Amino acid sequence: MAMTQDELKQEVARAALAYVVEGEIVGVGTGSTANFFIDALATMKDRIRGTVASSEATAARLRAHGIAVFDLNDIESMPVYVDGADEITAQGAMIKGGGAALTREKIVASVAKKFVCIADGSKLVGQLGRFPLPIEVIPMGHAVVARKLAALGGTPRLRMKDGAPLLTDNGCMIIDLLDLQIEDPAMLEQQINDIVGVVTNGLFARKGADVCLLGTAEGVRTLRFG
Ligand code: 5RP
């Protein structure tokens with residue numbers, strides 16, 4: 001019987017344990033695949049120093065397992081950051097932020113030596129952009145940022161929750177940019193970051209994944225980049 005998407009996520013989450021360095025800090029991402037990784041990490045929690053979390057939700061799940069969560073400001077480096085993706089290319093460029101945690105994800109990833117992406121096979125794409133690109137913005141500037149994003153060719157949509165704009169862990173808003181066909185992810189990442197009022201965007205291309213563990217019907221495929 002074919003494996004479900006959740007089973008594929010669980011399989012890559014378990015496979016990512018091979019990249020955890022014993023006695024060290026592990027950077028932990030956000031989302032359903034990252035949640036499976038947290039559950040797997042709990043099986044070896046006594047063999048790591050602790051973790052840094054990319055969201056409040058991830059920190060809560062780690063703590064519920066009795067796994068230590070450190071403040072990133074107290075950590076200078078970590079060997080590995082493990083996280084999911086909404087889309088990933090064969091070159092390791094990603095769209096992230098479906099769970100609105102993109103800024104903290106990018107900050108924690110920037111401290112890690114290696115980004116291990118864990119994803120079910122449906123996330124591998126030829127070109128990024130079918131998944132709406134999340135962009136975190138300062139609330140007082142969301143309308144002007146949306147106009148500038150529209151000028152880049154996409155359709156901006158303010159992300160809502162319970163009838164009000166969704167607020168991130170940083171107290172900011174998310175604009176999802178639809179209808180993009182992203183030819184040059186690294187250039188677009190920079191162009192969007194240059195708009196005043198943008199905190200960060202969900203393109204992880206200038207610094208993408210180093211490894212991707214992809215869940216497929218034939219088992220876990222390992223893609224290496226760089
Ligand atoms: C959260 C993210 C997630 O990694 C991304 O949305 C993938 O989520 P999932 O593992 O649930 O498919 O970037 O901000």
Side-chain angles (χ1 to χ4, degrees), residues 27-34 54-55 58 72 80-138 141-142 144-159 166 168-170 172-214 223-226:
V28 184
T30 296
S32 58
T33 320
S54 62
S55 65
T58 286
L72 180 65
V80 70
Y81 175 73
V82 180
D83 198 356
D86 298 302
E87 288 184 342
I88 182 162
T89 68
Q91 289 74 41
M94 295 171 283
I95 285 184
K96 291 185 45 54
L102 58 157
T103 299
R104 292 190 186 199
E105 291 171 346
K106 213 176 251 196
I107 295 171
V108 182
S110 76
V111 177
K113 292 202 175 72
K114 188 178 281 187
F115 189 131
V116 177
C117 174
I118 48 175
D120 66 90
S122 71
K123 306 290 183 66
L124 184 66
V125 297
Q127 187 179 51
L128 298 175
R130 183 185 286 267
F131 190 92
L133 175 63
I135 297 151
E136 184 159 2
V137 297
I138 301 290
H142 75 80
V144 60
V145 171
R147 288 195 294 276
K148 292 190 175 165
L149 290 171
L152 289 178
T155 307
R157 187 176 59 195
L158 193 62
R159 199 182 295 184
L166 174 142
T168 68
D169 286 351
N170 311 310
C172 294
M173 294 178 183
I174 298 284
I175 294 175
D176 291 304
L177 197 54
L178 290 75
D179 306 324
L180 288 175
Q181 282 182 2
I182 303 175
E183 309 276 349
D184 186 340
M187 192 177 82
L188 185 64
E189 182 178 357
Q190 186 63 57
Q191 268 181 322
I192 295 176
N193 282 345
D194 285 347
I195 298 172
V196 177
V198 167
V199 179
T200 194
N201 71 82
L203 279 167
F204 286 57
R206 292 161 62 82
K207 187 179 186 304
D210 297 289
V211 178
C212 178
L213 303 176
L214 203 65
L223 312 178
R224 289 194 176 78
F225 314 105

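Numbers here are sequence positions counted from 1. Model, not experiment: these values are computed from the prediction.
- Although no hydrogens or angles enter the test, the distance criterion places no donor-acceptor pair under 3.5 Å between the side chain of Thr30 and the main chain of Thr58.
- Although no hydrogens or angles enter the test, the distance criterion places a donor-acceptor pair under 3.5 Å between the side chain of Lys96 and the main chain of Gly84.
- No side-chain N or O of Thr103 forms a donor-acceptor pair with one of Thr200 less than 3.5 Å apart.
- The heavy-atom pair separating Ile88 from Ala209 by the smallest distance is CD1-CB, 4.2 Å.
- For the atom pair Ile118 CD1 and Cys212 SG, the distance stands at 9.5 Å (nearest 0.5 Å).
- By the 6.0 Å and 45° rule, Lys207 does not stack over the aromatic ring of Phe115.
- The closest side-chain heavy-atom distance from Ile174 to Ile135 is not below 4.5 Å.
- Nearest heavy atom pair, residue Pro185 against residue Leu203, reads O-CD1, 3.6 Å.
- For the pair Glu105 and Phe204, the minimum side-chain heavy-atom distance is below 4.5 Å.
- For the pair Glu87 (side chain) and Met94 (backbone), a donor-acceptor distance under 3.5 Å is absent.
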- Item | Pair Leu223-Val211, side-chain contact (heavy atoms from CB on, under 4.5 Å): steps then yes or no | CA-CA 6 Å; Leu223 312 178; Val211 178; over 6 Å; no
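- Note that CG of Leu72 is 7.5 Å distant from CD1 of Ile107, once rounded to the nearest 0.5 Å.
- A salt bridge links Asp176 to Arg159: one of the charged nitrogens lies within less than 4.0 Å of a carboxylate oxygen.
- Side chains of Tyr81 and Lys113 form no contact here, defined as non-hydrogen atoms less than 4.5 Å apart.
- For the pair Cys117 and Asp83, the minimum side-chain heavy-atom distance is 4.5 Å or more.
- Side-chain contact between Leu178 and Leu180 is absent, with no heavy-atom pair separated by less than 4.5 Å.
- In this view, Asp120 and Lys123 satisfy the salt bridge (charged side-chain N to carboxylate O under 4.0 Å, His left out) rule, not counting sequence neighbours.
- Across all non-hydrogen atoms, the minimal contact from Ile95 to Pro134 is CG2-CD, 3.9 Å.
- Here Ser55 contributes atom OG and Arg104 contributes atom CZ; the two are 8.0 Å apart, rounded to the nearest 0.5 Å.
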- Task: Test Thr155 against Leu177 for side-chain contact (heavy atoms from CB on, under 4.5 Å), laying out the working first.
- Result: CA-CA 5 Å; Thr155 307; Leu177 197 54; 5.7 Å; no
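- Not a single salt bridge (charged side-chain N to carboxylate O under 4.0 Å, His left out) links Lys148 to another residue, sequence neighbours left out.
- Asp86 places a side-chain N or O within donor-acceptor distance of the main-chain N or O of Gly97, the cut-off being under 3.5 Å.
- We find the CG-CG distance between Leu158 and Leu166 to be 9.0 Å, quoted to the nearest 0.5 Å.
- Under the rule for a salt bridge (charged side-chain N to carboxylate O under 4.0 Å, His left out), Asp169 has no partner lying at least two apart in sequence or in another chain.
- Put simply, the side chain of Glu136 never gets that close to the backbone of Leu102: no donor and acceptor are under 3.5 Å apart.
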- Task: Check step by step if side-chain hydrogen bond (donor to acceptor under 3.5 Å, both in side chains) holds for Asp194 and Gln190.
- Result: CA-CA 6 Å; Asp194 285 347; Gln190 186 63 57; 3.0 Å; yes
- Message: Does Val28 form a side-chain contact (heavy atoms from CB on, under 4.5 Å) with Ser54? I'd like the steps, not just the answer.
- Response: CA-CA 6 Å; Val28 184; Ser54 62; 6.0 Å; no
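- Taking 4.5 Å as the limit, some side-chain heavy atom of Val199 sits within range of a side-chain heavy atom of Ile138.
- Here the side chains of Leu152 and Ile192 are in contact, with some heavy-atom distance below 4.5 Å.
- A heavy-atom distance below 4.5 Å is not found between the side chains of Thr89 and Gln127.
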- Item | side-chain contact (heavy atoms from CB on, under 4.5 Å) between Asn201 and Glu189, worked out | CA-CA 7 Å; Asn201 71 82; Glu189 182 178 357; 3.9 Å; yes
